[in-house]
Q: 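The structure under discussion is supplied below as structure tokens; questions concerning it will follow.
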Amino acid sequence: MDSLIAIISVGVIGTVLGVVIGIVAKVFAVDVDERIEQVEEMLPGANCGGCGFAGCADFAKGVVAEKATPAQCPVCSREDVVAISDYLGIAAEEKEKMVALVRCSGDIPNTQRSLYNGVRDCQSAVLVAGGAKGCDYGCLGFGSCAEACPFGAIEMRAGLAIVHKDLCVGCENCVAACPKELIKMVPAAATTHVYCNSPEKGAAKRKVCQTACIACRKCVKASGEEDYMEIDGFLIRSNYENPPSADLVEAAACPTTALRVDTEHAKGAYGGEA
Amino acid sequence: MSDKPRKFKGGVHPNDSKALSAHKPIQEAPLLDSYKVIMHQNIGAPPELLVKKGDEVKKGTLLAKAGGFVSVPLHSPTSGTIKMIDKVPGPTGISVPCIEIAADGEDEWDSPFEPITDWKTTDPVELRQRVWDAGVVGMGGAAFPSHVKLSPPDDKKIDMLILNGAECEPYLTADHRLMLENAKEVVIGGSILARILGLESCVIGVENNKPDAVEMLKKAAANHSVHVQDLPVNYPQGAEKQLIYAITGREVPVGALPMDIGCVVQNVASAAAVYEAVVNGRPSIDRITTVTGKPLVDPGNWKFRIGTPISKALELAGGITEQPAKLLLGGPMMGIAQSSLDVTTMKNTSGILLIAQDEVSQYTSEPCIRCGRCVDCCPMQILPATISQAVENHRFDWAEQLNVMACIECGSCSYSCPSHRPLNQQFKRAKVEIRAGLRKKG
């Protein structure tokens, strides 16, 4: 008898609550734009934050609300952007793919000056005698950028951060992680870069690093009439408005190999870092 | 005031190794051919350069003027010509601007101000201005401009001036020798500082492993209202907050300054520099530095002009008998490792220390074993082990909640850790991150 009362009372309570929940769900229903879910499905789902939103779901909301364009996602391929744009019935924007560039070629055999056995991250190393390398401006080599990269595009090789361009999606997470502000976003189409960031005079740079840009201007001369290279004090940079091609490396015969082709640099073709 | 000082909680007792240089009298370092004076020698704003290449300067000529209130002027350590305005490796490992002076050997004074002999009747405001004009900074290590501490806001009433002669850092004996040989200067300097603050007296705190210095100071203080307090030996007894507690029993709240609880602390070497500035009318251009360590032939205490390269200091100490493992500016607990002998001495270089190969070991950090030694020895009573965990996980907000900002970076936790965890460095990092976060918020 007791058990019967229990079963009936629980049953009644259940039914009543069920009805209440049903009514509440109808009355207080929140309209979710199904387009948001659809767009989120089409996004890569890496939640890298490269778009400036809190993640892919937030970005999808932004795109549907027209606060952002699909092309702002750095990870989406051209096809993905077109697919999302078609789905939403908006025009697909053209966007240049950007990749990260670590403007340093100073690996440990090349630039180490002292032993360091403190905390293995760049922000901490900077606090103790500026790290283990001789150059004040170069890569510290403890891989804070590699750790920040959600796509595994940065490899630490002999204490030098090397970006693998095919894996880099341009989310810019590494840019903020580098305490030396060494990482710059450059167009993926540009292949030839100056792997040096030191504004010091040539002689001072050569003292601490064998592969620094010494501003000899051979590359500028080799460019001829074209303004492939920009001069900035004692440092020369590729002009990304009119980037040089890989041929310039051979034509310029950079005496320190600071001017390099990115794929060769990543392969370790310049000696020292293999 | 009771004569028995209080013991602050925590602290460690590293081997003090002071015997290497404690008995060596202060020697005047010989005049060099050139000095490379680092421009930015103080905490706060860098000074503004006043000279250019080729200028003739005398000893004491103003090289740069204060670049703001929290900044001090810089004076030439000798007479000669400005050879170059260049860069030298700085003590933090980053190259910093310096002024190179080629000495003419005359070493002729041209002090920018006159001595004030009747300081007992001089307006305190004028005395304070003199301290600023002379470029006096905290010579214990922080290099905080002294005049700033002497300018408390109107709503903060100062009733205690403490001169810090604890010198708790192992190996260093510069302050010890100063108090022993120049006790009168320290005492009068202290009296001048007290006058600036409107106080009748001051207290000099000295660790009791320097009984000879205590005795000399007491003798010198006989005719002045300066009290000499000997303190128990416990690192970091010379840390500002620990010293205040030991002498007054007052605790500085987290995030507050000694000035908030009515105290001002100045290093004894700064007090001696104040004496020089006021009574002799000489700017702060030199300091006593201990050059020590097992690898040195003849460790000792020298009076170096600012801008003396470390290599010259090591030569004076007789050179080395064995290859050292480490070179530090400052003591072994808080000193900074150097990678170049071209670094030059500054107003806050209290020691140049070489550590022998057999005195250090290259270790790797192990996981925390939760033994709690760091918690026991932390003089600020924070939780190093837990904060370390927060920092390792990039939880700087958590570290902030755990009061990492109260850390005085004394290194007691790292010293006591059996797992060799780089606790001190992690906290330095956390403090930098938290300060950067605050700046972003505005």
Side-chain angles (χ1 to χ4, degrees), chain A residues 49 106 108 111-150 159 173-182 197-209 212 233-234, chain B residues 84 86-97 323-330 334-343 355 357 360-366 388 391-394 396 399 407 409 411 414 420-437 440:
Chain A
I108 281 180
T111 61
Q112 190 178 29
R113 63 165 183 202
S114 54
L115 197 73
Y116 171 87
N117 71 344
V119 184
R120 313 295 295 179
D121 72 58
C122 300
Q123 284 89 347
S124 302
V126 145
L127 300 174
V128 182
K133 290 186 186 174
C135 178
D136 289 351
Y137 305 90
C139 174
L140 289 153
F142 298 109
S144 286
C145 53
E147 207 176 300
C149 180
N173 280 358
C174 53
V175 175
C178 180
K180 294 283 186 186
E181 295 176 2
L182 202 57
N197 186 43
S198 172
E200 298 275 339
K201 289 179 187 163
K205 283 192 237 184
R206 274 312 276 267
K207 239 186 236 171
V208 294
C209 176
F234 298 105
Chain B
M84 216 189 296
D86 197 20
K87 280 187 159 188
V88 280
T92 53
I94 305 289
S95 292
V96 290
Q323 188 60 36
K326 217 172 182 180
L327 167 64
L328 295 166
L329 272 196
M334 289 186 74
I336 316 170
Q338 301 298 314
S339 59
S340 166
L341 290 177
D342 297 332
V343 177
I355 309 261
Q357 300 278 4
V360 287
S361 55
Q362 291 302 334
Y363 50 76
T364 42
S365 297
E366 307 286 337
S388 162
V391 176
E392 278 192 342
N393 290 299
H394 297 246
F396 299 111
C407 170
E409 299 172 20
S414 303
H420 305 302
R421 291 173 65 74
L423 300 163
N424 195 9
Q425 195 189 358
Q426 287 175 335
F427 304 159
K428 277 187 187 174
R429 158 102 197 268
K431 287 166 82 172
V432 167
E433 297 280 343
I434 292 165
R435 276 195 211 110
K440 244 183 237 166

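Chain naming here is simple, since letters A, B, ... match the order of the sequence lines and numbering starts at 1 in each. Below, all heavy atoms of this structure are taken into account, side chains as well, without hydrogens, waters or symmetry copies.
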Q: Tell me, side chain or backbone of B:Lys87 under 4.5 Å from chain A's heavy atoms, or both, or neither?
A: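 For B:Lys87, the contact with chain A is made by the side chain alone.
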
Q: Is B:Arg421 salt-bridged to B:Glu392, cutoff N-O under 4.0 Å?
A: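 A salt bridge is present here (some side-chain N lies under 4.0 Å from a carboxylate O).
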
Q: Measuring heavy-atom distances to chain A, does B:Thr92 have an atom under 4.5 Å in its side chain, in its backbone, in both, or in neither?
A: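 When you check distances to chain A, only backbone atoms of B:Thr92 fall under 4.5 Å.
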
Q: Restricting to pairs with a member in residues 119-130 of chain A, which pass salt bridge (charged side-chain N to carboxylate O under 4.0 Å, His left out), not counting sequence neighbours?
A: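 The answer is A:Asp121-B:Arg429.
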
Q: Identify each donor-acceptor pair in which a side-chain atom of residues 125-134 of chain A lies under 3.5 Å from a protein atom, sequence neighbours left out, and give them as a table.
A:
residue, atom, partner, partner atom, Å
A:Lys133, NZ, A:Gly106, O, 2.7
A:Lys133, NZ, A:Cys139, O, 2.8
A:Lys133, NZ, A:Gly159, O, 2.5

Q: Please look at B:Val432 and chain A and tell me whether the side chain, the backbone, both or neither of the residue comes under 4.5 angstrom of a heavy atom of that chain.
A: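 Interface part for B:Val432: side chain.
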
Q: Mind running side-chain contact (heavy atoms from CB on, under 4.5 Å) on A:Val208 and A:Arg113 for me, showing each step along the way?
A: CA-CA 8 Å; A:Val208 294; A:Arg113 63 165 183 202; over 6 Å; no

Q: Side chain, backbone, both or neither: which part of B:Glu433 has a heavy atom under 4.5 Å from chain A?
A: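 The answer is the side chain of B:Glu433.
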
